[in-house]
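These numbers were taken from a predicted model, which means no experiment stands behind them. Counting starts at 1 for both ligands and their atoms, in listed order. We're numbering straight along the sequence, starting at 1.
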Amino acid sequence: MNIILLGPPGAGKGTQASFIVELKKVPHISTGDIFRQNIKEGTKLGVEAQSYMDKGLLVPDEVVVKLVEDRLNWQDTKGGFMLDGFPRTLTQAEALEEALSKIQKRIDVVLNIAVDANLLIDRITGRRICKNCGATLHAKYNPPSKEGVCDKCAGALYQRDDDKEETVKKRLVEYESKTQPLIDFYRQKGVLVNIDGQRGIKEVAQEIFEALKQ
Ligand code: ADP
Ligand code: AMP
């Protein structure tokens, strides 16, 4: 199954992705994670991406599209894949359609995780990530048993640089102007499924599991 996770920053895409990969056994392709890995490794791509990410802006389409086209050629996508945080613009969505049609593939379902804007700032500024295993927690909504320490692997938890309130506000503006139009794009293609992302993590996962059964 080929899945897209759509939704504003902080909607819970990454959190739900960790459950979906278990269920569907597909690779989780997060463009944000790929950029952060490149930043950590100090690659040319990382340096370029960081200059946009630090400002809360989207990385240019041509850079992201090339990255995803290459990633979709990996062997592990043969039995399906899950895109998280891509596409984020109409240009990216159209480029994806074209790239998939060349390899006789298509998107089966777009899970649009909907959360009201007023909840998002709280979700993002409270997000904590494990330096070691990458697990995502939340200071208030999904707190670790011991402050600052990952429950899964005892790694140190940190806050993403772009999760500070000032940058978050810019990211939400980018979402509304550039990414939100994709909801209609995929609705018209008949693959959109709306998920109520405002409920607890487990309830949202349950709704997604039901949607993926159909
Ligand atoms: P995204 O990948 O869409 O940016 P995340 O999955 O990283 O979002 O979630 C953002 C933050 O909100 C994280 O700290 C996560 O633990 C928390 N979170 C995710 N889903 C929920 C939920 N349903 N209720 C409350 N908090 C949530
Ligand atoms: P995320 O981890 O999905 O929250 O993404 C973090 C940041 O990476 C975004 O704010 C963008 O700067 C950049 N980014 C991730 N995916 C994309 C994309 N598809 N298009 C443009 N920029 C992206």
Side-chain angles (χ1 to χ4, degrees), residues 4-21 28-39 45-46 48-69 71 82-96 111-117 119-130 134-144 150-152 157-164 166-179 182 195-208:
I4 289 178
L5 291 179
L6 191 63
K13 301 183 294 298
T15 301
Q16 297 301 327
S18 63
F19 304 130
I20 300 169
V21 288
H28 173 203
I29 304 175
S30 155
T31 41
D33 284 351
I34 296 173
F35 289 139
R36 280 184 289 278
Q37 185 62 30
N38 275 274
I39 292 170
L45 175 67
E48 182 177 8
Q50 189 169 25
S51 66
Y52 296 95
M53 291 165 78
D54 282 351
K55 297 188 191 99
L57 300 173
L58 294 184
V59 175
D61 287 334
E62 56 276 19
V63 177
V64 197
V65 166
K66 167 88 178 55
L67 178 85
V68 174
E69 278 176 356
R71 182 63 184 80
M82 177 176 51
L83 291 168
D84 164 7
F86 180 94
R88 260 176 154 104
T89 66
L90 279 172
T91 306
Q92 292 179 17
E94 279 156 3
L96 176 65
L111 299 167
N112 176 41
I113 307 182
V115 175
D116 277 353
L119 281 183
L120 294 172
I121 300 235
D122 211 25
R123 283 221 188 152
I124 308 176
T125 53
R127 172 161 51 197
R128 299 291 180 267
I129 295 171
C130 175
T136 298
L137 292 112
H138 193 283
K140 201 157 55 175
Y141 305 127
N142 189 16
C150 177
D151 282 336
K152 278 192 198 156
L157 299 178
Y158 75 101
Q159 183 179 35
R160 273 167 51 178
D161 283 342
D162 61 345
D163 277 353
K164 309 268 158 65
E166 267 321 292
T167 319
V168 170
K169 286 183 177 156
K170 290 186 196 142
R171 289 166 60 201
L172 293 175
V173 171
E174 285 281 81
Y175 168 78
E176 276 176 24
S177 63
K178 297 178 179 157
T179 310
L182 296 186
I195 301 293
D196 176 5
Q198 311 227 126
R199 296 184 297 158
I201 292 173
K202 294 223 167 74
E203 284 79 12
V204 178
Q206 194 53 44
E207 193 179 338
I208 290 178

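A salt bridge links R171 with D163: the closest approach of a Lys/Arg side-chain nitrogen to an acidic carboxylate oxygen falls below 4.0 angstrom.
Protein residues with a heavy atom closer than 4.0 Å to ligand 1 are P8, P9, G10, A11, G12, K13, G14, T15, R123, R127, T136, L137, H138, Y141, G197, R199, G200, I201, V204, listed by chain and number.
Distance alone, capped at 3.5 Å, is enough to place a donor-acceptor pair between the T179 side chain and the R88 backbone. Looking at K140, its side chain never comes within 3.5 Å of a backbone N or O of R123 through a donor-acceptor pair. Between the side chain of Q16 and the main chain of G12, no donor-acceptor pair closer than 3.5 Å is present. The closest donor-acceptor contact from the side chain of T31 to the backbone of G85 lies under 3.5 Å. A donor-acceptor distance shorter than 3.5 angstrom exists from the side chain of Q198 to the backbone of D116, with no hydrogens or angles considered.
Here the NZ-CG distance, from K170 to L172, works out to 12.0 Å after rounding to the nearest 0.5 Å. Taking CG of L58 as the reference point, atom OG1 of T89 lies at 7.5 Å (rounded to 0.5 Å). Atom OG1 of residue T136 and atom CZ of residue R128 lie 12.0 Å apart, to the nearest 0.5 angstrom. The structure places NE2 of H28 at 6.5 Å from CG of L5, a figure rounded to the nearest 0.5 Å.
Of the protein's heavy atoms, T31 OG1, 2.7 Å lies nearest to atom 16 (N) of ligand 2. For atom 6 (C) of ligand 2, the nearest non-hydrogen atom of the protein is R160 NH2, 3.5 Å.
Every atom of ligand 2 with a heavy atom of R171 under 4.0 Å away is listed here by number and element: 4 (O), 10 (O). Taking every heavy atom of V64 and a limit of under 4.0 angstrom, the matching atoms of ligand 2 come to 18 (C), 19 (N), 20 (N), 21 (C).
Residue contacts with ligand 2, taken as heavy atom pairs separated by less than 4.0 Å, involve R36 solely via side-chain atoms from C-beta onward. For V59, heavy-atom contacts with ligand 2 shorter than 4.0 Å involve the backbone as well as the side chain.
Look at E174 and you'll find every heavy atom at least 4.0 Å from all atoms of ligand 2.
Taking distance alone, with nitrogen or oxygen atoms compared against 3.5 Å, L57 approaches ligand 2 more closely than that limit. Between G85 and ligand 2, at least one pair of N/O atoms sits closer than 3.5 Å.
Ranked by closest heavy atom to atom 15 (C) of ligand 2, the top entry among R88, Q92, M53 is R88.
Under a cut-off of 6.0 angstrom, the local environment of NZ in K164 is crowded, with over 12 non-hydrogen atoms contributed by other residues, nucleotides or ligands.
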